[in-house]
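Worksheet: the structure to be examined is printed underneath.
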Amino acid sequence: MPSFSARGSPHKQQQYQRRRQEIRQQRKSLPIASVEKRLVDEARKNDTLIIVGETGSGKTTQLPQFLYDGGFCQDGKVIGITQPRRVAAQTVAKRVAEECNDQLGRKVGYSIRFDDSTSNATRIKYMTDGLLLREALLDPLLSKYSVIVVDEAHERTVHTDVLLGLLKKVQHSRANASKNGKTLPDVLGHSQNLTQKSCQGSRCAPLKLIIMSASLDAKCFSDYFGGAKAVHVQGRQYPVDILYTYQPEPDYLDATLVTIFQIHLEEGPGDILAFLTGQEEIESLERLIYERARLLPPESSKIWVTPIYSSLPSEQQMNAFKSAPAGTRKVVLATNIAETSVTITGIKYVIDPGMVKARAYNPVTGMESLIIIPVSKAQALQRSGRAGREGPGKCFRLFQESEFDKLVDSTVPEIKRCNLSNVVLQLKALGIDDIIDPVGHQMARLPLDPMYSKALIVSSELKCLEEMLIVVSMLSVESIFFSPREKLEEARAARKGFESSEGDHITLVNVYRAAAECLEKSKNANAKEKTMEKALNRWCRENFINHRSLKHAFDVHSQIQGHVQQMGLNLSSCGDDMVLFRRCLTAAFFLNAAMRQPDGSYRALATGQSVQTHPSSVLFRTKPDCVIFNELVRTTQNYIKNLTRIDPLWLAELAPQYYATED
DNA sequence: GAGCACTGC
């Protein structure tokens, strides 16, 4: 039954009716509304269907409702819709619940890490693609789903790509099951107890798979699924004028600056969105804009610059969504966060220098780095589209038209350019390609980098799981320490209070425990949750700790703690015996050991690479003879980060299979 | 004495 009943005052009733009417009209006006019947028919006829829907077609909110009304949730089955991003799963689910006139978490819900709003009644479930992959570990046939809709498939995230491969396999298994009239456990020879329990006696219907993509190139998806049918749905987008430069621009930052003022002085009203590659560029361009704006004649309108990038505190991010006061033009300086993750309204002009910062991974050296490269055609298209959301717009590409033709069609899928150890482990646990031992299965259950999962198992044997759990939680999140340029000395002094001369791992444990103590104190004072939150926030400010990262670490900690307890690992602590803990770190991370060289540099033992300790490490000055490290990054030099001092003899003792004794 | 595109479990 609808939970938003029309009871209450006549005024409220009126308001409610108006809102329902508004929603009905909005839904009816979406381009996808006119093809509802056709889409449902195609979904009935085809096991795999590809829907190419342009921006603004309404496919993400409407298609699951069409399928629900078309009877795809009979027998209590669920329609699952995957999204690459958490915030999309949340906001779309909220919207669709409202359209269904129901409370979120009943018929319509979402499920993302640390936040699950679904219930037994949920039939339309929005989730992140990574979360569905996790679900497949527990139920390899995804037996509770009648349909899986993979949205935004064109983005080709690792999770989406792996999911598509997996879903193809699930479709086969389920098709065979129903064909032979067998129950599921018969088909899945390798299935585990959990699977058998969830599918016992049921005959699974075939799994319907719908792939939704915004790019016009549906062929690769179609080919992969044996020539699956593709349906095109029109979008709703205003025309965007694309302008190119006549000459190549050697300095795109300067060209952006010039273009901003050209628009400001010569074009009509409307906000500007400029795409830059990172924080540093954004900060320096902001300064340059204000410097030059001072030279404008007093009668010309003002400029308001709002930066937005992911590590910017959220209160400051919100500025980019506010509208500028009358007589002022807003200039948003953004990274590619504004390409897909967030939509800023009021943008009429887009400036695209055509560059992007991307992660590069060298599998031979295991080294990751960030490089600035040209965007792809699809990316440039996505950027220009940001100017036509509310009316006709203009996009200024700061390169020549002939250069556009030379761009690659689409960005190289992530799966081809990152460290795959995590993915490979999960695939193996899912029974794809090869078997792994029971330890591997345990490791795959943990939502962590495999090396960290291994560390937890090792530390449970060495009786210091409590400390290791804290370390992997802290290492799994963005930087814990926060040091603004203007308060560098204060930040350094604050960190001194947590520092351990043994290294960064124990320093992180100290921070975590101090924060937990702060929370415990306010809990003992019977503070409400909000007050506790405030106390922790203040503590973080005083100690120059990144509050967002710390909270994330707490979330990870409690999730992993639940997992390791389920696995039956013993949550013991080594107390004050930090030698034991360092030995444990050595046993876990022996592959990442480095020896000091006479010149003060280090040699990574596994690869022989020459590396330097990173200045952020507490051991930066000490330079012990031998360390283990967690991260190897290449910037101006090869740096190792997150270090702990160890005794080199421990290596041969704790990892004899790897470090044959030299003497 | 450095430097952090964007996601996700």
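Lettering follows sequence order; numbering is per chain, from 1.
Rounded to whole angstrom, the span from the CD atom of Q90(A) across to the C1' atom of dG8(B) amounts to 13 Å. One atom, CD1 of I480(A), and another, C1' of dC4(B), lie 15 Å apart when rounded to the nearest Å. Rounded to an integer number of Å, the gap from CD of E478(A) to P of dA5(B) is 10 Å. Look at CD on Q637(A): it is 10 Å from C1' on dG1(B), rounded to the nearest Å. Rounded to whole Å, atom P of dC4(B) lies 12 Å from atom CD of E281(A). Rounded to a whole Å, the CD atom of Q279(A) is 13 Å from the C1' atom of dA2(B). Per the geometry, CG belonging to L163(A) stands 20 Å off P belonging to dT7(B), to the nearest Å. E339(A) has its CD atom 13 Å from the C1' atom of dT7(B), to the nearest Å.
Nucleic acid contact class of I337(A) (heavy atoms, under 4.0 Å, all strands): sugar-phosphate only. Among the atoms of the strands shown, base atoms are found under 4.0 Å from some heavy atom of R113(A).
T128(A) places no side-chain N or O within 3.5 Å of a backbone atom of R85(A) that could act as its donor or acceptor partner. Although no hydrogens or angles enter the test, the distance criterion places no donor-acceptor pair under 3.5 Å between the side chain of S460(A) and the main chain of L456(A). Side-chain atoms of D271(A) come within 3.5 Å of backbone atoms of K330(A) as a donor-acceptor pair (strictly under, hydrogens ignored). For the pair K94(A) (side chain) and L104(A) (backbone), a donor-acceptor distance under 3.5 Å is absent. Side-chain atoms of T256(A) come within 3.5 Å of backbone N or O of Y252(A) as a donor-acceptor pair.
The cationic atom of K623(A) (NZ for Lys, CZ for Arg) lies less than 6.0 Å from the six-membered ring centre of F620(A) and within 45° of the ring axis. Figure legend: R495(A) and F544(A) shown without cation-pi pairing, the cationic atom not lying both under 6.0 angstrom from the six-membered ring centre and within 45 degrees of its axis. The cationic group of K168(A) lies under 6.0 Å from the six-membered ring centre of Y224(A) and within 45° of the ring axis, placing it in a cation-pi geometry.
Of the listed nucleotides (dT7(B), dC6(B), dC9(B)), dT7(B) has the atom at the smallest distance from the side chain of R85(A). Each of dA5(B), dC9(B), dG3(B) was ranked by its minimum atom distance to the side chain of T636(A); first place goes to dG3(B). Residue L370(A) has its side chain nearest to dA5(B) when only dC9(B), dA5(B), dG1(B) are considered.
If you check residues 149-158 of chain A against DNA chain B, you find no residue with a heavy atom closer than 4.0 Å. For DNA chain B, the residues of residues 619-627 of chain A within the heavy-atom distance limit of 4.0 Å (strictly under) are F620(A), R621(A), sorted by number.
Remark: the R492(A) side chain and the dG1(B) base include a donor-acceptor N/O pair separated by less than 3.5 Å.
An OP1 or OP2 oxygen of dC6(B) is reached within less than 4.0 angstrom by a side-chain nitrogen or oxygen of T335(A). The phosphate of dC9(B) (OP1 or OP2) has a side-chain N or O of T128(A) nearer than 4.0 angstrom. Note on S310(A): a side-chain N or O is less than 4.0 Å away from OP1 or OP2 of dC6(B). The shortest distance between the side-chain N/O atoms of R445(A) and the OP1/OP2 oxygens of dC9(B) is not below 4.0 Å.
If you find the closest nucleotide of DNA chain B to P447(A) and to T277(A), the one lying nearer the 5' end belongs to T277(A). Toward the 5' end of DNA chain B, the nearer of the two residues P615(A) and R634(A), judged by each one's closest nucleotide, is P615(A).
Because its glycosidic torsion is within 90° of 0, dC4(B) is reported here as syn.
Going from atom CD of Q559(A) over to atom CG of L446(A) covers 9.0 Å, rounded to the nearest 0.5 Å. Rounded to the nearest 0.5 Å, atoms CG (N642(A)) and OG (S616(A)) are 7.0 Å apart.
A 4.5 Å side-chain heavy-atom check between N630(A) and H505(A) finds at least one atom pair inside the cut-off.
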